[in-house]
Amino acid sequence: QVQLVESGGGLVQPGGSLRLSCAASGSIFSIKTMGWYRRAPGKERELVALFTSDANTNYVDSVKGRFTISRDNAKNTVFLQMNSLKPEDTAVYYCNADVRPTRDTYYVPYWGQGTQVTVSS
């Protein structure tokens, strides 16, 4: 089995910063794409940022220039540095990874349990 464990959420004032971390563990042969999604109250889940296996990154327009995704392949960990946070960034943030558990399996998407980010004064 594969587990994704997120950390780093919390309450922050507008304009503040937070850094989310997500570590993948368990049966892992390789990981392709890792990314962050979020679900705000009353809204659909949306993609926030992706980090591909060939080091390309993609961001939703609303976070470009404020959020940075990075990845430590040796530790199977992905990070999301969030700066200049706004109240509209308030959401539960979920980590996602496309994991190949063994040499003989295909890539399977796994999700973390989610971490709450609240931006409020």
Rounded distance (nearest 0.5 Å) linking atom CG of L85 with atom CG of L18: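 L85 CG to L18 CG: 5.5 Å, rounded to 0.5 Å.
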Inter-residue atom distance L20.CG - F67.CZ, 0.5 Å rounding: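 Here the interatomic distance stands at 8.0 Å.
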Are [X] and [Y] close enough that some pair of their side-chain heavy atoms sits under 4.5 Å apart?
X    : Y   : answer
T115 : V92 : no
Q81  : S17 : yes
N96  : W36 : no

Atom CD of Q1: over 12 foreign heavy atoms under 6.0 Å: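 Open: at most 12 neighbouring heavy atoms sit under 6.0 Å from CD of Q1.
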Between [X] and [Y], which heavy-atom pair has the shortest distance, and what is it?
X    : Y    : result
S84  : R66  : O-NH1, 3.0 Å
T52  : T33  : CA-OG1, 4.0 Å
P14  : S121 : CD-N, 3.7 Å
A24  : L4   : CB-CD2, 3.2 Å
P101 : S27  : O-OG, 3.1 Å
T90  : P41  : O-CD, 4.1 Å

Shared hydrophobic cluster, [X] / [Y] (ILVMFWY, side-chain heavy atoms < 4.5 Å):
X   : Y   : result
F51 : V2  : yes
I28 : V78 : yes
L47 : V60 : no
Y37 : V99 : no
V48 : F79 : no

Derivation and outcome, side chain to side chain contact (heavy atoms under 4.5 Å, CB included), residues T118 and Q116: CA-CA 6 Å; T118 302; Q116 177 70 47; 3.3 Å; yes
Mutual orientation of the aromatic rings belonging to Y94 and W111 [parallel < 30°, tilted 30-60°, perpendicular > 60°]: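 Correct class here is perpendicular.
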Stepwise side chain to side chain donor-acceptor pair (under 3.5 Å) check, T102 with D104: CA-CA 5 Å; T102 68; D104 300 321; 5.1 Å; no
E6 side chain to C95 backbone, donor-acceptor under 3.5 Å: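 The answer is yes, because a donor-acceptor pair under 3.5 Å joins these two groups.
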Salt-bridge contact E46-R38 (side-chain N to carboxylate O under 4.0 Å):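 A salt bridge links E46 with R38.
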Pi-cation contact, Y59 with K64 (under 6.0 Å, within 45°):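 Here K64 fails the 6.0 Å and 45° test against Y59.
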